[in-house]
*Asks:* 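If you scroll down you'll find the structure; I have some questions about it.
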Amino acid sequence: MTISFIGHGYVGLVTACIFADFGNKVWVIGHTPEKIKRLKEGDPIIYEPGLQELLKKNLEAKRLFFTTEYDEAISESNIVFITVGTPPKKTGEADLSAVFAVSQEIAKHLRKGLTVVSCKSTVPVGTNKKVEVLLNSHKPTGAEVAVASCPEFLREGTAIQDTLYTDRVVIGSDSKEAIDLLLQLHEPLSGKRVITDLASAELIKYTANAMLATKISFANLISFYCEKTGADVETVLDGVGLDKRIGNIFMDPGIGYGGSCFPKDVKALINIGLTSGVDASLLQAVDRVNDETRNNFINKFTAFFEKQPTSHTQKKIAVWGLSFKPNTDDIRQAPSLSLIDRLLKDGYTVSVYDQAASENVKKIYGDKIHYASDPYEAVDNADALCIVTEWNEFKQADLQRIKSLMKKPVIFDGRNIYHPTTLQKMGFTYISTGRRPVL
Ligand code: UGA
């Protein structure tokens, strides 16, 4: 089969590499010549474990091709996947301008006979119908098009494994030919098949992300209760999660969810509710609790330092972890950015360390902050350490060495990666999430 992807972000590039690896001929279309050049040379542009190897392997096997031109790719494709961004507008509504612009381009280059066009981008209910109208009104005579929604469920950082071993493949379409072709393409993937209509497939994706975000906000809300009552959030959530009806997966409290999906998709679903007359207050609370979670971390930090006699300008704060989650260089909606903004505003000196995301953060803050080359350099002479992303390398860091390097052994842990009793014994001040502070 020959397939095309429009867009080479985390979803487009990873899925393109995997389908090429299964033996298909795969085109990836982008609009930035410099990026397409790098991709052709085997540079994935983004950081995703295992992606560079998969990219190089399939480039060398001549199954994977990158281009800025639609004609050569679309005209020989059986299936075209739209994997462009759908960022939020100020209202929270998903911005679909890229989806509609590429749909018109695709339409112009459709060959005679049937092509399946499928949105993998997360789009509000009804979008694929609009895409279908655009395709039909711009396609050449003799070209036929069938539209399908085929949402993606991969996570950044584990994208390849998530795609290969997915729990389900969702295909929504009114066309039997489109469903059959997509089933054939997805055959090597594990997971149940959910075959449905366009609207249900579109809503499955939003519902999944909103449900996961709700679990996280719920866990964070319970961490606030724990901080007020002296209960321990880990024990509470373990005790609750042992009930098989509830479970404890994806309920880690911390510093709030970030990234390019949950914040955007919860807001978009709220917007769909508000505009279609459905009560969106539950999801509005999920969104609000997420903001409060970030503020709670920063407030604990500022409350601690307000009690200190010396001024902020004399204090150096180390930040470990900049990406919105481990194993990615993505800093979109990352909690680290809210924290750094606040630290700089309050006059602190900031030293950060992240094994993948520093270059992206440098584009925002330039030389306003210091970029350490390892976790120990970051904490050298620091008045406090803030742990924002739970990269593995922090979990068994040499705490004795950290204590000896820091001016004051104070840790604010937004991800609960250490045990309070261990840090207490070592003489740290340790303020984590939903657990009694070690003061
Ligand atoms: C999310 C979904 O998990 C994927 O299924 C979906 O395909 C993807 O969005 C998408 O729509 O494209 P992703 O945003 O890459 O994936 O990463 P997650 O692992 O879901 O983490 C999202 C955020 O939630 C991170 O900031 C993470 O730190 C936070 N999180 C996650 C928690 O705070 N607690 C948890 O228990 C789990």
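Both ligands and their constituent atoms are indexed starting at 1 by order of listing. Only a predicted model underlies this, so the values are computations on that prediction, with no experimental measurement involved.
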*Asks:* Is Phe218 close to Met251 at the side-chain level, that is, under 4.5 Å between some pair of heavy atoms?
*Replies:* yes

*Asks:* Would you please indicate if the ring centroids of Tyr365 and His370 are separated by under 6.0 Å?
*Replies:* no

*Asks:* Is a side-chain N or O of Glu156 found less than 3.5 angstrom from the main chain of Tyr10, in a donor-acceptor match?
*Replies:* no

*Asks:* Suppose we measure from atom 24 (O) of ligand 1 to each protein heavy atom; which comes out shortest, and what is that distance?
*Replies:* Tyr257 CB, 3.3 Å

*Asks:* Looking at side-chain heavy atoms only, is the closest gap between Arg342 and Thr302 below 4.5 Å?
*Replies:* yes

*Asks:* Please confirm whether Gly259 approaches ligand 1 to less than 4.0 Å, judged on its heavy atoms.
*Replies:* no

*Asks:* Below 4.0 Å from any atom of ligand 1, is there a heavy atom belonging to Lys205?
*Replies:* yes

*Asks:* Heavy-atom contacts under 4.0 Å between Arg415 and ligand 1: side chain, backbone, both, or neither?
*Replies:* side chain

*Asks:* To which protein heavy atom is atom 12 (O) of ligand 1 closest, and what is the distance rounded to 0.1 Å?
*Replies:* Cys261 SG, 3.0 Å

*Asks:* Below 4.0 angstrom from a heavy atom of Glu156, which ligand 1 atoms are there? Numbered from 1 as shown, please.
*Replies:* 15 (O)

*Asks:* Among all protein non-hydrogen atoms, which one is nearest to atom 26 (O) of ligand 1, and what is the separation to 0.1 Å?
*Replies:* Gly258 N, 2.9 Å

*Asks:* How long is the straight-line distance from OG of Ser223 back to CG of Asp252, given to the nearest 0.5 Å?
*Replies:* 11.5 Å

*Asks:* Write out the residue and atom name of the closest protein heavy atom to atom 21 (O) of ligand 1, then the distance separating them to 0.1 Å.
*Replies:* Lys325 CD, 4.0 Å

*Asks:* Measure up the Phe412 and Phe305 rings against each other and bin them: parallel (under 30°), tilted (30 to 60°), perpendicular (over 60°).
*Replies:* tilted

*Asks:* How far is atom 16 (O) of ligand 1 from the closest protein heavy atom, and which atom is that?
*Replies:* Arg155 CG, 3.5 Å

*Asks:* In terms of residue, atom name and distance, what is the protein heavy atom nearest to atom 7 (O) of ligand 1?
*Replies:* Leu154 O, 2.6 Å

*Asks:* With respect to Ile216, determine whether any N or O atom, backbone or side chain, lies less than 3.5 Å from an N or O atom of ligand 1.
*Replies:* no

*Asks:* Among Phe153, Phe324, Phe262, whose heavy atom sits nearest atom 2 (C) of ligand 1?
*Replies:* Phe262

*Asks:* Any idea which part of Asn209 is under 4.0 Å from ligand 1, heavy-atom wise: side chain, backbone, both or neither?
*Replies:* side chain

*Asks:* Taking the six-membered ring where the residue is Trp, are the ring centres of Tyr353 and Trp320 under 6.0 Å apart?
*Replies:* no

*Asks:* Should you measure from each heavy atom of Met251, which atoms of ligand 1 turn up under 4.0 Å away?
*Replies:* 36 (O)

*Asks:* How about Thr122 and Tyr206: do any of their side-chain heavy atoms sit closer than 4.5 Å?
*Replies:* yes

*Asks:* Ring centres under 6.0 Å, that's the criterion: do Phe262 and Phe324 meet it?
*Replies:* no

*Asks:* Backbone, side chain, both or neither: what part of Asp252 comes under 4.0 angstrom of ligand 1, heavy atoms only?
*Replies:* both

*Asks:* State whether the side chain of Asn290 and the backbone N or O of Tyr257 hold a donor-acceptor pair below 3.5 Å, judged by distance alone.
*Replies:* yes

*Asks:* Does Tyr10 approach ligand 1 within less than 4.0 angstrom via side chain, backbone, both or neither, non-hydrogen atoms only?
*Replies:* neither

